[in-house]
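Everything numeric in this text was worked out from a predicted model, so none of it was measured. Letters A, B, ... are given to chains in the order of the sequence lines, protein chains preceding strands, and every chain is numbered from 1.
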Amino acid sequence: MKNFLAELESRGFIRQITEREKLAEKLAAGPVTAYIGFDPTADSLHAGSLLPIMALVHLQRAGHRPILMLGAGTARVGDPSGKTEMRKLLEGKEIDDNARKIQRQVSRFLDFSPGKAILLNNHDWLKNLRYVDFLREIGRHFSVNRMLAAEAYKIRMEKGLSFLEFNYQILQAYDFLVLFREQGCVLQMGGDDQWGNILAGIDLIRRLESADAFGLTFPLLTTASQEKMGKTAAGAVWLDPERTSPYDFFQYFRNVDDRDLENFLGFFTFLPMEEIRMVKDLSEAELNQAKTILAFEITKFVHGDKEAESAWKAAAQLFGAKGINPNLLPSSSIHKITLGAAEEDIPSSSLPRQRLVNGLPAWELIFEVGLAPSKSEARRLIQQGGVYINDEKIGEGHDLISPVSVRDGAILIRVGKKKYHKIKVI
RNA sequence: GGAGAGGUUCCCGAGUGGCCAAAGGGGGCAGACUGUAAAUCUGUUGGCUAUGCCUUCGGAGGUUCGAAUCCUCCCCUCUCCA
(Lines give C-alpha, C1' and ligand atoms only; values in the text may rest on other atoms or scores of the structure.)
Protein backbone atom coordinates (compact mmCIF):
# COMPACT_ATOMS: atom_id res chain seq x y z
CA MET A 1 0.00 0.00 0.00
CA LYS A 2 1.49 3.30 -1.09
CA ASN A 3 1.72 6.13 1.35
CA PHE A 4 -1.17 8.31 0.33
CA LEU A 5 -0.37 11.29 2.55
CA ALA A 6 3.27 11.38 1.56
CA GLU A 7 2.30 11.25 -2.10
CA LEU A 8 -0.13 14.15 -1.76
CA GLU A 9 2.30 16.11 0.33
CA SER A 10 5.17 15.81 -2.13
CA ARG A 11 2.89 16.92 -4.94
CA GLY A 12 1.71 19.97 -3.06
CA PHE A 13 -1.89 18.90 -2.61
CA ILE A 14 -2.16 19.59 1.09
CA ARG A 15 -3.09 23.00 2.40
CA GLN A 16 -4.55 22.10 5.78
CA ILE A 17 -5.05 18.82 7.54
CA THR A 18 -6.56 17.80 10.86
CA GLU A 19 -4.65 15.55 13.23
CA ARG A 20 -2.08 14.51 10.70
CA GLU A 21 -0.38 11.83 12.80
CA LYS A 22 -3.59 10.10 13.77
CA LEU A 23 -4.77 10.12 10.17
CA ALA A 24 -1.44 8.77 8.95
CA GLU A 25 -1.73 5.87 11.38
CA LYS A 26 -5.20 5.11 10.20
CA LEU A 27 -4.15 5.16 6.57
CA ALA A 28 -1.25 2.86 7.31
CA ALA A 29 -3.47 0.41 9.17
CA GLY A 30 -5.63 -0.47 6.18
CA PRO A 31 -7.98 0.78 3.51
CA VAL A 32 -9.71 3.99 4.46
CA THR A 33 -12.85 5.45 2.94
CA ALA A 34 -12.74 9.13 2.05
CA TYR A 35 -14.99 11.46 0.14
CA ILE A 36 -15.11 14.65 -1.85
CA GLY A 37 -18.33 16.38 -2.83
CA PHE A 38 -18.97 18.08 -6.17
CA ASP A 39 -21.96 20.36 -6.54
CA PRO A 40 -23.56 19.94 -9.97
CA THR A 41 -24.01 23.61 -10.71
CA ALA A 42 -23.12 23.06 -14.37
CA ASP A 43 -23.46 20.09 -16.67
CA SER A 44 -19.75 19.48 -16.79
CA LEU A 45 -16.82 19.67 -14.45
CA HIS A 46 -14.11 22.13 -15.38
CA ALA A 47 -10.37 22.27 -14.99
CA GLY A 48 -10.74 23.58 -11.45
CA SER A 49 -12.35 20.30 -10.43
CA LEU A 50 -9.36 18.41 -11.69
CA LEU A 51 -7.34 18.77 -8.50
CA PRO A 52 -9.87 17.02 -6.25
CA ILE A 53 -10.36 14.38 -8.93
CA MET A 54 -6.64 13.72 -8.99
CA ALA A 55 -6.67 13.43 -5.21
CA LEU A 56 -9.33 10.74 -5.41
CA VAL A 57 -7.31 8.91 -8.03
CA HIS A 58 -4.21 9.01 -5.84
CA LEU A 59 -6.36 7.72 -2.99
CA GLN A 60 -7.57 4.80 -5.05
CA ARG A 61 -4.10 4.02 -6.35
CA ALA A 62 -2.87 3.92 -2.78
CA GLY A 63 -5.36 1.15 -2.10
CA HIS A 64 -8.05 3.14 -0.33
CA ARG A 65 -11.68 3.61 -1.19
CA PRO A 66 -12.83 6.96 -2.62
CA ILE A 67 -16.39 8.17 -2.53
CA LEU A 68 -17.30 10.73 -5.13
CA MET A 69 -20.41 12.45 -3.90
CA LEU A 70 -22.53 14.56 -6.17
CA GLY A 71 -24.21 17.34 -4.25
CA ALA A 72 -27.52 17.54 -6.07
CA GLY A 73 -29.13 18.14 -2.68
CA THR A 74 -26.74 20.81 -1.45
CA ALA A 75 -26.61 22.47 -4.86
CA ARG A 76 -30.26 23.30 -4.26
CA VAL A 77 -29.12 25.41 -1.33
CA GLY A 78 -25.94 26.95 -2.71
CA ASP A 79 -22.64 27.20 -0.90
CA PRO A 80 -21.85 30.73 0.25
CA SER A 81 -18.21 29.84 1.06
CA GLY A 82 -15.81 32.03 -0.79
CA LYS A 83 -18.53 33.86 -2.61
CA THR A 84 -19.25 37.48 -2.08
CA GLU A 85 -22.73 37.23 -3.45
CA MET A 86 -25.48 34.71 -3.60
CA ARG A 87 -25.56 33.02 -6.92
CA LYS A 88 -28.72 32.43 -8.78
CA LEU A 89 -30.77 29.50 -7.68
CA LEU A 90 -30.91 26.64 -10.10
CA GLU A 91 -34.02 24.66 -10.82
CA GLY A 92 -34.11 21.23 -9.26
CA LYS A 93 -34.53 19.58 -12.62
CA GLU A 94 -31.51 21.36 -14.04
CA ILE A 95 -29.43 20.20 -11.10
CA ASP A 96 -30.50 16.61 -11.57
CA ASP A 97 -29.72 16.76 -15.28
CA ASN A 98 -26.31 18.17 -14.47
CA ALA A 99 -25.70 15.46 -11.91
CA ARG A 100 -26.48 12.78 -14.48
CA LYS A 101 -24.04 14.22 -16.98
CA ILE A 102 -21.28 14.66 -14.45
CA GLN A 103 -21.83 11.14 -13.27
CA ARG A 104 -21.11 9.90 -16.77
CA GLN A 105 -18.11 12.17 -16.99
CA VAL A 106 -16.38 11.06 -13.82
CA SER A 107 -16.91 7.38 -14.41
CA ARG A 108 -13.76 7.30 -16.54
CA PHE A 109 -11.51 8.81 -13.91
CA LEU A 110 -11.98 6.23 -11.19
CA ASP A 111 -12.58 2.53 -11.11
CA PHE A 112 -16.12 2.33 -9.77
CA SER A 113 -16.30 -1.45 -9.72
CA PRO A 114 -17.69 -2.87 -6.45
CA GLY A 115 -15.48 -2.25 -3.48
CA LYS A 116 -13.14 0.06 -5.41
CA ALA A 117 -14.98 3.35 -5.38
CA ILE A 118 -18.50 4.61 -4.77
CA LEU A 119 -20.57 7.22 -6.50
CA LEU A 120 -23.32 8.75 -4.38
CA ASN A 121 -25.72 11.66 -4.56
CA ASN A 122 -26.68 13.52 -1.42
CA HIS A 123 -30.07 14.40 -2.79
CA ASP A 124 -30.97 10.79 -2.03
CA TRP A 125 -30.86 11.41 1.70
CA LEU A 126 -31.40 15.15 1.92
CA LYS A 127 -34.67 15.24 0.02
CA ASN A 128 -36.53 13.29 2.66
CA LEU A 129 -35.37 15.18 5.72
CA ARG A 130 -38.12 16.29 8.02
CA TYR A 131 -37.51 19.78 9.23
CA VAL A 132 -38.34 19.56 12.92
CA ASP A 133 -36.70 16.18 13.40
CA PHE A 134 -33.61 17.44 11.65
CA LEU A 135 -33.42 20.57 13.77
CA ARG A 136 -33.70 18.48 16.93
CA GLU A 137 -31.16 15.86 15.97
CA ILE A 138 -28.64 17.93 14.07
CA GLY A 139 -29.46 21.60 14.42
CA ARG A 140 -28.98 21.69 18.18
CA HIS A 141 -25.30 20.87 17.76
CA PHE A 142 -24.60 24.00 15.80
CA SER A 143 -23.81 27.29 17.46
CA VAL A 144 -24.93 30.28 15.48
CA ASN A 145 -22.46 32.45 17.34
CA ARG A 146 -19.59 30.29 16.24
CA MET A 147 -20.80 30.02 12.68
CA LEU A 148 -21.13 33.77 12.38
CA ALA A 149 -17.61 34.22 13.63
CA ALA A 150 -16.27 32.15 10.73
CA GLU A 151 -14.43 34.10 8.07
CA ALA A 152 -16.57 32.62 5.33
CA TYR A 153 -19.69 34.20 6.74
CA LYS A 154 -18.06 37.41 7.86
CA ILE A 155 -17.51 38.47 4.28
CA ARG A 156 -21.15 37.92 3.66
CA MET A 157 -22.35 39.82 6.68
CA GLU A 158 -21.99 42.99 4.66
CA LYS A 159 -23.39 41.79 1.41
CA GLY A 160 -26.18 39.79 2.93
CA LEU A 161 -26.55 36.13 3.60
CA SER A 162 -29.83 34.36 3.22
CA PHE A 163 -30.98 31.80 5.76
CA LEU A 164 -31.03 29.26 2.95
CA GLU A 165 -27.30 29.61 2.34
CA PHE A 166 -26.60 29.79 6.04
CA ASN A 167 -27.79 26.20 6.22
CA TYR A 168 -25.33 24.93 3.66
CA GLN A 169 -22.68 24.15 6.20
CA ILE A 170 -25.13 22.21 8.34
CA LEU A 171 -26.18 20.09 5.40
CA GLN A 172 -22.60 19.43 4.40
CA ALA A 173 -21.78 18.40 7.95
CA TYR A 174 -24.79 16.13 7.85
CA ASP A 175 -23.54 14.56 4.60
CA PHE A 176 -20.30 13.65 6.30
CA LEU A 177 -22.25 12.13 9.19
CA VAL A 178 -24.39 10.06 6.82
CA LEU A 179 -21.34 8.82 4.93
CA PHE A 180 -19.62 8.00 8.21
CA ARG A 181 -22.60 6.00 9.42
CA GLU A 182 -23.42 4.23 6.19
CA GLN A 183 -20.06 3.86 4.48
CA GLY A 184 -17.58 4.12 7.29
CA CYS A 185 -16.16 7.22 5.68
CA VAL A 186 -13.70 8.95 8.02
CA LEU A 187 -12.04 11.53 5.79
CA GLN A 188 -13.41 14.43 3.83
CA MET A 189 -11.28 16.33 1.39
CA GLY A 190 -11.98 19.50 -0.54
CA GLY A 191 -10.78 22.90 -1.60
CA ASP A 192 -9.52 25.17 1.12
CA ASP A 193 -12.74 27.17 1.01
CA GLN A 194 -14.38 24.03 2.37
CA TRP A 195 -12.27 23.92 5.52
CA GLY A 196 -14.99 25.35 7.75
CA ASN A 197 -17.63 23.06 6.33
CA ILE A 198 -15.40 20.04 6.76
CA LEU A 199 -14.60 20.90 10.36
CA ALA A 200 -18.31 21.24 11.05
CA GLY A 201 -18.79 17.66 9.85
CA ILE A 202 -15.93 16.37 11.97
CA ASP A 203 -17.43 18.08 15.03
CA LEU A 204 -20.83 16.64 14.34
CA ILE A 205 -19.43 13.12 14.07
CA ARG A 206 -17.55 13.53 17.31
CA ARG A 207 -20.63 14.76 19.13
CA LEU A 208 -23.07 12.21 17.83
CA GLU A 209 -20.85 9.18 17.34
CA SER A 210 -17.95 9.91 19.66
CA ALA A 211 -15.71 8.98 16.79
CA ASP A 212 -12.71 10.52 15.05
CA ALA A 213 -13.06 11.85 11.56
CA PHE A 214 -10.54 13.79 9.54
CA GLY A 215 -10.33 16.62 7.07
CA LEU A 216 -7.85 17.66 4.44
CA THR A 217 -7.94 20.64 2.12
CA PHE A 218 -6.17 21.44 -1.11
CA PRO A 219 -4.72 24.81 -1.95
CA LEU A 220 -7.04 27.02 -3.96
CA LEU A 221 -5.40 27.15 -7.31
CA THR A 222 -4.71 30.45 -8.89
CA THR A 223 -2.38 30.87 -11.78
CA ALA A 224 0.76 32.89 -11.35
CA SER A 225 -1.13 35.82 -12.81
CA GLN A 226 -3.64 35.53 -9.97
CA GLU A 227 -6.43 34.20 -12.06
CA LYS A 228 -8.63 31.39 -11.02
CA MET A 229 -7.27 28.19 -12.40
CA GLY A 230 -9.17 26.90 -15.37
CA LYS A 231 -11.04 30.09 -16.04
CA THR A 232 -10.51 32.20 -19.09
CA ALA A 233 -12.46 35.23 -20.17
CA ALA A 234 -14.16 33.02 -22.71
CA GLY A 235 -15.39 30.96 -19.79
CA ALA A 236 -14.20 27.96 -17.91
CA VAL A 237 -12.04 25.26 -19.37
CA TRP A 238 -14.46 22.37 -19.34
CA LEU A 239 -13.78 18.69 -19.19
CA ASP A 240 -16.64 18.03 -21.56
CA PRO A 241 -15.23 17.79 -25.10
CA GLU A 242 -18.44 19.33 -26.41
CA ARG A 243 -17.81 22.47 -24.43
CA THR A 244 -14.03 22.68 -24.68
CA SER A 245 -12.49 20.73 -27.50
CA PRO A 246 -9.56 18.46 -26.60
CA TYR A 247 -7.42 20.69 -28.78
CA ASP A 248 -8.36 23.85 -26.83
CA PHE A 249 -8.02 21.93 -23.59
CA PHE A 250 -4.51 20.89 -24.61
CA GLN A 251 -3.67 24.45 -25.60
CA TYR A 252 -4.82 25.84 -22.25
CA PHE A 253 -2.24 23.78 -20.44
CA ARG A 254 0.34 24.24 -23.16
CA ASN A 255 0.19 27.96 -22.49
CA VAL A 256 0.52 27.99 -18.73
CA ASP A 257 2.75 30.55 -17.13
CA ASP A 258 6.36 29.45 -16.64
CA ARG A 259 5.98 29.85 -12.92
CA ASP A 260 3.06 27.44 -12.80
CA LEU A 261 4.71 24.66 -14.75
CA GLU A 262 6.31 22.69 -11.94
CA ASN A 263 3.27 22.92 -9.67
CA PHE A 264 0.93 21.87 -12.41
CA LEU A 265 3.02 18.85 -13.33
CA GLY A 266 2.76 17.75 -9.72
CA PHE A 267 -0.95 18.37 -9.50
CA PHE A 268 -2.19 17.12 -12.83
CA THR A 269 0.12 14.35 -13.95
CA PHE A 270 1.23 11.09 -12.42
CA LEU A 271 4.85 11.59 -13.43
CA PRO A 272 7.27 10.92 -10.60
CA MET A 273 8.24 13.95 -8.54
CA GLU A 274 11.97 13.21 -8.97
CA GLU A 275 11.53 13.93 -12.67
CA ILE A 276 9.24 16.90 -12.14
CA ARG A 277 11.66 18.65 -9.82
CA MET A 278 14.16 18.85 -12.64
CA VAL A 279 12.11 21.29 -14.69
CA LYS A 280 13.38 24.07 -12.45
CA ASP A 281 16.68 24.04 -14.28
CA LEU A 282 15.41 23.85 -17.82
CA SER A 283 16.42 26.12 -20.64
CA GLU A 284 13.88 28.09 -22.64
CA ALA A 285 13.38 25.51 -25.34
CA GLU A 286 13.10 22.67 -22.89
CA LEU A 287 10.66 24.62 -20.78
CA ASN A 288 8.38 24.67 -23.77
CA GLN A 289 8.81 20.95 -24.28
CA ALA A 290 7.92 20.37 -20.66
CA LYS A 291 4.74 22.39 -21.17
CA THR A 292 3.88 20.18 -24.09
CA ILE A 293 4.31 17.14 -21.88
CA LEU A 294 2.13 18.73 -19.22
CA ALA A 295 -0.62 19.43 -21.73
CA PHE A 296 -0.27 15.96 -23.22
CA GLU A 297 -0.49 14.17 -19.89
CA ILE A 298 -3.54 16.09 -18.69
CA THR A 299 -5.33 15.73 -21.99
CA LYS A 300 -4.56 12.02 -21.94
CA PHE A 301 -6.04 11.67 -18.48
CA VAL A 302 -9.19 13.59 -19.28
CA HIS A 303 -9.83 12.69 -22.92
CA GLY A 304 -7.77 9.56 -23.55
CA ASP A 305 -4.62 8.65 -25.45
CA LYS A 306 -5.99 9.17 -28.91
CA GLU A 307 -7.30 12.66 -28.30
CA ALA A 308 -4.12 13.71 -26.54
CA GLU A 309 -2.03 12.46 -29.41
CA SER A 310 -4.02 14.20 -32.08
CA ALA A 311 -4.22 17.44 -30.10
CA TRP A 312 -0.47 17.40 -29.81
CA LYS A 313 -0.02 16.64 -33.47
CA ALA A 314 -2.41 19.38 -34.50
CA ALA A 315 -0.59 21.89 -32.33
CA ALA A 316 2.78 20.72 -33.60
CA GLN A 317 1.65 21.25 -37.15
CA LEU A 318 0.28 24.73 -36.56
CA PHE A 319 3.13 25.99 -34.45
CA GLY A 320 5.92 24.12 -36.08
CA ALA A 321 6.80 20.61 -35.02
CA LYS A 322 9.55 20.32 -32.50
CA GLY A 323 10.80 17.07 -31.13
CA ILE A 324 10.89 16.40 -27.45
CA ASN A 325 14.07 15.55 -25.62
CA PRO A 326 13.67 11.92 -24.52
CA ASN A 327 15.47 12.64 -21.26
CA LEU A 328 12.89 15.19 -20.28
CA LEU A 329 10.28 13.75 -17.92
CA PRO A 330 11.14 10.30 -19.30
CA SER A 331 8.14 8.59 -17.71
CA SER A 332 5.71 10.36 -19.97
CA SER A 333 4.18 8.21 -22.65
CA ILE A 334 4.54 11.09 -25.06
CA HIS A 335 7.98 9.71 -25.88
CA LYS A 336 6.42 6.63 -27.45
CA ILE A 337 4.65 8.67 -30.07
CA THR A 338 6.32 9.74 -33.25
CA LEU A 339 5.17 12.99 -34.69
CA GLY A 340 3.75 11.87 -38.00
CA ALA A 341 1.44 13.74 -40.24
CA ALA A 342 -0.92 15.87 -38.24
CA GLU A 343 -4.47 14.83 -37.76
CA GLU A 344 -7.47 16.92 -38.54
CA ASP A 345 -7.88 18.02 -35.01
CA ILE A 346 -8.08 21.73 -35.39
CA PRO A 347 -11.68 22.87 -35.44
CA SER A 348 -13.10 22.59 -38.93
CA SER A 349 -16.28 22.97 -40.87
CA SER A 350 -17.32 22.78 -44.45
CA LEU A 351 -18.57 25.34 -46.91
CA PRO A 352 -20.19 24.92 -50.32
CA ARG A 353 -17.95 26.16 -53.09
CA GLN A 354 -20.97 27.97 -54.44
CA ARG A 355 -20.73 30.63 -51.76
CA LEU A 356 -17.22 31.60 -52.73
CA VAL A 357 -17.84 32.15 -56.38
CA ASN A 358 -18.79 35.80 -56.04
CA GLY A 359 -16.45 36.44 -53.18
CA LEU A 360 -17.47 36.04 -49.56
CA PRO A 361 -16.49 38.73 -47.04
CA ALA A 362 -14.01 37.29 -44.57
CA TRP A 363 -15.81 38.85 -41.61
CA GLU A 364 -18.91 36.93 -42.45
CA LEU A 365 -17.02 33.68 -42.56
CA ILE A 366 -15.14 34.39 -39.34
CA PHE A 367 -18.40 35.02 -37.57
CA GLU A 368 -20.03 31.93 -39.01
CA VAL A 369 -17.34 29.52 -37.91
CA GLY A 370 -17.30 31.02 -34.44
CA LEU A 371 -13.91 32.70 -34.47
CA ALA A 372 -15.61 35.96 -33.54
CA PRO A 373 -18.73 36.41 -31.41
CA SER A 374 -20.27 39.02 -33.72
CA LYS A 375 -19.78 40.39 -37.18
CA SER A 376 -18.73 43.74 -35.77
CA GLU A 377 -16.02 42.02 -33.79
CA ALA A 378 -14.94 40.16 -36.93
CA ARG A 379 -14.63 43.41 -38.84
CA ARG A 380 -12.62 44.94 -36.05
CA LEU A 381 -10.24 42.00 -36.06
CA ILE A 382 -9.65 42.45 -39.77
CA GLN A 383 -9.14 46.20 -39.38
CA GLN A 384 -6.55 45.61 -36.71
CA GLY A 385 -4.67 43.04 -38.74
CA GLY A 386 -5.53 40.08 -36.59
CA VAL A 387 -6.88 37.84 -39.31
CA TYR A 388 -4.89 35.53 -41.53
CA ILE A 389 -6.05 33.45 -44.46
CA ASN A 390 -3.68 30.58 -45.17
CA ASP A 391 -1.24 32.36 -42.85
CA GLU A 392 -1.31 35.56 -44.84
CA LYS A 393 -2.51 38.68 -43.12
CA ILE A 394 -5.49 40.24 -44.79
CA GLY A 395 -6.20 43.91 -44.60
CA GLU A 396 -9.33 45.93 -44.65
CA GLY A 397 -10.76 46.10 -48.14
CA HIS A 398 -8.93 42.97 -49.24
CA ASP A 399 -11.14 40.66 -47.32
CA LEU A 400 -13.17 39.00 -50.03
CA ILE A 401 -12.57 35.30 -50.06
CA SER A 402 -12.89 33.62 -53.41
CA PRO A 403 -12.08 30.17 -54.79
CA VAL A 404 -8.51 31.42 -55.29
CA SER A 405 -7.93 31.07 -51.54
CA VAL A 406 -8.61 27.38 -51.52
CA ARG A 407 -5.52 25.24 -50.85
CA ASP A 408 -5.87 21.49 -51.06
CA GLY A 409 -9.62 21.78 -50.86
CA ALA A 410 -9.60 23.89 -47.73
CA ILE A 411 -9.08 27.37 -46.36
CA LEU A 412 -7.16 27.89 -43.16
CA ILE A 413 -8.34 30.88 -41.18
CA ARG A 414 -6.38 32.14 -38.24
CA VAL A 415 -7.40 34.77 -35.74
CA GLY A 416 -4.68 36.11 -33.53
CA LYS A 417 -1.76 33.85 -32.89
CA LYS A 418 -3.48 30.77 -31.67
CA LYS A 419 -7.01 30.36 -32.92
CA TYR A 420 -7.36 28.37 -36.09
CA HIS A 421 -10.24 27.11 -38.10
CA LYS A 422 -10.13 24.99 -41.21
CA ILE A 423 -12.86 25.33 -43.78
CA LYS A 424 -13.25 22.48 -46.18
CA VAL A 425 -14.69 23.65 -49.44
CA ILE A 426 -17.12 21.21 -50.95
C1' G B 1 -42.82 47.90 9.90
C1' G B 2 -39.71 52.95 10.21
C1' A B 3 -35.33 56.11 8.56
C1' G B 4 -31.35 56.62 5.15
C1' A B 5 -28.16 55.06 0.93
C1' G B 6 -28.04 52.68 -3.58
C1' G B 7 -29.06 49.45 -8.41
C1' U B 8 -24.93 52.30 -15.07
C1' U B 9 -22.14 48.50 -20.44
C1' C B 10 -17.90 41.68 -18.69
C1' C B 11 -16.33 43.77 -13.40
C1' C B 12 -15.34 48.21 -10.45
C1' G B 13 -16.92 53.03 -11.09
C1' A B 14 -17.95 58.39 -13.25
C1' G B 15 -22.04 60.70 -15.38
C1' U B 16 -27.76 64.39 -12.56
C1' G B 17 -31.89 67.06 -19.57
C1' G B 18 -28.98 67.42 -25.65
C1' C B 19 -21.63 67.55 -26.86
C1' C B 20 -23.74 59.83 -24.05
C1' A B 21 -22.97 53.73 -27.07
C1' A B 22 -21.97 56.63 -21.96
C1' A B 23 -15.17 59.23 -18.53
C1' G B 24 -11.44 56.36 -15.84
C1' G B 25 -9.52 51.72 -14.12
C1' G B 26 -9.57 46.33 -14.31
C1' G B 27 -10.30 42.29 -17.45
C1' G B 28 -10.66 40.58 -22.57
C1' C B 29 -9.22 40.76 -27.74
C1' A B 30 -5.67 42.27 -31.61
C1' G B 31 -0.72 44.37 -32.96
C1' A B 32 4.76 45.03 -31.67
C1' C B 33 8.50 42.33 -28.82
C1' U B 34 9.13 36.89 -27.63
C1' G B 35 9.73 30.94 -26.24
C1' U B 36 2.50 29.03 -28.44
C1' A B 37 5.42 32.02 -21.48
C1' A B 38 5.72 36.51 -18.43
C1' A B 39 6.59 41.72 -18.38
C1' U B 40 6.25 46.14 -21.40
C1' C B 41 4.27 49.39 -25.22
C1' U B 42 0.13 50.50 -28.97
C1' G B 43 -4.81 49.95 -30.66
C1' U B 44 -9.57 48.17 -29.51
C1' U B 45 -13.77 46.56 -26.47
C1' G B 46 -23.09 46.70 -27.60
C1' G B 47 -25.25 45.02 -32.34
C1' C B 48 -26.33 45.57 -37.60
C1' U B 49 -27.85 44.66 -44.42
C1' A B 50 -22.73 50.56 -41.51
C1' U B 51 -20.12 57.50 -42.89
C1' G B 52 -26.12 55.66 -41.14
C1' C B 53 -29.55 52.72 -38.25
C1' C B 54 -31.14 49.70 -33.95
C1' U B 55 -30.91 48.07 -28.71
C1' U B 56 -28.65 49.27 -23.69
C1' C B 57 -27.97 52.68 -17.78
C1' G B 58 -33.12 47.49 -12.00
C1' G B 59 -38.75 47.13 -14.16
C1' A B 60 -43.30 49.56 -15.97
C1' G B 61 -45.52 54.07 -17.13
C1' G B 62 -45.21 59.58 -17.65
C1' U B 63 -43.13 64.85 -18.61
C1' U B 64 -40.16 66.83 -22.84
C1' C B 65 -38.59 68.54 -29.54
C1' G B 66 -34.99 65.45 -26.65
C1' A B 67 -34.16 61.22 -20.58
C1' A B 68 -28.93 57.05 -17.78
C1' U B 69 -30.22 62.01 -16.03
C1' C B 70 -36.89 64.99 -14.14
C1' C B 71 -41.90 62.74 -12.12
C1' U B 72 -45.08 58.31 -10.52
C1' C B 73 -45.59 53.31 -9.17
C1' C B 74 -43.11 48.67 -8.56
C1' C B 75 -38.85 45.17 -7.72
C1' C B 76 -34.08 44.28 -5.49
C1' U B 77 -29.57 45.29 -2.28
C1' C B 78 -27.08 47.60 1.85
C1' U B 79 -26.82 50.48 6.72
C1' C B 80 -29.29 51.90 11.21
C1' C B 81 -33.83 51.31 14.22
C1' A B 82 -38.00 47.70 15.54
Fill in the blank from the handout: Comparing nearest nucleotides in RNA chain B, the 5'-proximal residue of the pair A/Gly416, A/Asn255 is A/Gly416
Problem - Between B/rG46 and B/rU40 - P atom distance, rounded Å - result: 24 Å
Problem - Out of B/rG35, B/rA30, B/rC48, whichever nucleotide has its closest atom nearest the side chain of A/Ser374 - result: B/rC48
Problem - Between C1' of B/rC29 and CD1 of A/Ile366, the distance in whole Å - result: 13 Å
Practice task
Compute whether any side-chain donor of one residue and acceptor of the other, for A/Gln194 and A/Asn197, lie under 3.5 angstrom apart.
Solution key: yes
Practice task
Under a 3.5 Å limit for both distances, which nucleotide forms a Watson-Crick or G-U wobble pair with B/rA32, could you say?
Solution key: B/rU40
Handout entry: Any A/Lys418 side-chain N or O less than 4.0 Å from OP1/OP2 of B/rA37
Key = yes
Handout entry: Electrostatic pair A/Arg136:A/Asp133 at N-O distance under 4.0 angstrom
Key = no
Problem - side-chain N/O A/Tyr252 vs B/rA37 OP1/OP2, d < 4.0 Å - result: no
Handout entry: Base partner of B/rU69, which must satisfy Watson-Crick or wobble distances under 3.5 Å
Key = none
Exercise for the section: Tell me whether the OP1 or OP2 atom of B/rG47 has a side-chain N or O from A/Arg380 closer than 4.0 Å. Expected result: yes
Problem - Whole-Å P distance, B/rC76 and B/rC65 - result: 35 Å
Problem - Protein-nucleotide distance (A/Arg254, atom CZ; B/rU36, atom C1'), rounded to Å - result: 5 Å
Problem - Complement of B/rC10, any strand, by Watson-Crick or G-U distances under 3.5 angstrom - result: B/rG26
Handout entry: Pairwise C1' distance for B/rG66 and B/rC19, with rounding to whole Å
Key = 14 Å
Practice task
Using distance alone, with no hydrogens and no angle criterion, decide if A/Tyr168 and A/Asp39 have a side-chain donor and acceptor under 3.5 Å apart.
Solution key: yes
Problem - Nearest to side-chain heavy atoms of A/Arg259, which nucleotide of B/rG47, B/rA32, B/rA38 - result: B/rA38
Practice task
With the side chain of A/Ser376 defined as its heavy atoms from C-beta on, choose the nearest nucleotide among B/rU49, B/rU36, B/rC48.
Solution key: B/rC48
Problem - Whole-angstrom distance between B/rA5 and B/rU9, as gauged at atom P - result: 22 Å
Fill in the blank from the handout: Regarding the side chain of A/Lys417, the nearest nucleotide among B/rU49, B/rC29, B/rA32 is B/rA32
Handout entry: Complementary nucleotide of B/rU16, counting Watson-Crick and G-U pairs under 3.5 Å
Key = none
Practice task
Please work out if A/Leu261 contacts a base, only the sugar-phosphate, or nothing of the nucleic acid, heavy-atom cut-off 4.0 Å.
Solution key: nothing
Problem - For atom CD of A/Gln289 and atom P of B/rG35, their distance in whole Å - result: 14 Å
Practice task
For B/rG1 versus B/rG62, give the span between their P atoms, rounded off to a whole number of Å.
Solution key: 29 Å
Practice task
Would you mind telling me which residue lines up with the more 5' stretch of RNA chain B, A/Tyr388 or A/Phe250, judged by nearest nucleotide?
Solution key: A/Tyr388
Exercise for the section: Whole angstrom is fine here: how far is it from CD in A/Glu284 over to C1' in B/rA37? Expected result: 10 Å
Handout entry: Donor-acceptor contact below 3.5 Å, side chain A/Arg414 vs main chain A/Gly416
Key = yes
Handout entry: Rounded distance in Å between the C1' positions of B/rU42 and B/rC54
Key = 32 Å
Problem - Side chain A/Gln384 and base B/rG43 donor-acceptor under 3.5 Å - result: yes
Completion exercise
Side-chain atoms of A/Arg379 come closest, of B/rA50, B/rG35, B/rG47, to B/rA50
Practice task
Using the C1' atom on both, measure B/rU79 against B/rG24 and round to a whole Å.
Solution key: 28 Å
Problem - Donor-acceptor contact below 3.5 Å, side chain A/Gln60 vs main chain A/Pro66 - result: no
Exercise for the section: State whether the number of non-hydrogen atoms from other residues, nucleotides or ligands found under 6.0 Å of A/Arg20 atom CZ is greater than 12. Expected result: yes
Exercise for the section: Considering only atom C1', compute the distance from B/rU34 to B/rU49 and round it to an integer number of Å. Expected result: 41 Å
Practice task
Determine, for A/Glu364 against A/Lys375, whether the closest basic-nitrogen to carboxylate-oxygen distance falls under 4.0 angstrom.
Solution key: no
Practice task
Figure out the CD/C1' separation between A/Glu377 and B/rU44, and round it to whole Å.
Solution key: 9 Å
Practice task
Check every strand shown and say whether A/Val256 touches a base, only sugar-phosphate, or nothing at a heavy-atom separation below 4.0 Å.
Solution key: sugar-phosphate
Fill in the blank from the handout: CG of A/Asn98 to OG of A/Ser44, rounded to nearest 0.5 Å, is 9.5 Å
Completion exercise
Here the distance between atom P of B/rU49 and atom CG of A/Leu360, to the nearest Å, is 13 Å
Problem - Whole-Å gap separating C1' (B/rC29) and CZ (A/Arg414) - result: 15 Å
Fill in the blank from the handout: Rounded to whole Å, the CZ-P distance (A/Phe264 to B/rA38) equals 13 Å
Exercise for the section: Searching all strands shown, indicate the nucleotide that pairs with B/rG4 (Watson-Crick or G-U wobble; both distances under 3.5 Å). Expected result: B/rC78
Fill in the blank from the handout: From the candidates B/rA30, B/rG31, B/rU49, the one with an atom nearest any side-chain atom of A/Lys419 is B/rA30
Practice task
Ignoring backbone atoms, test whether A/Lys375 places a side-chain nitrogen or oxygen under 4.0 Å from the OP1 or OP2 oxygen of B/rA50.
Solution key: no
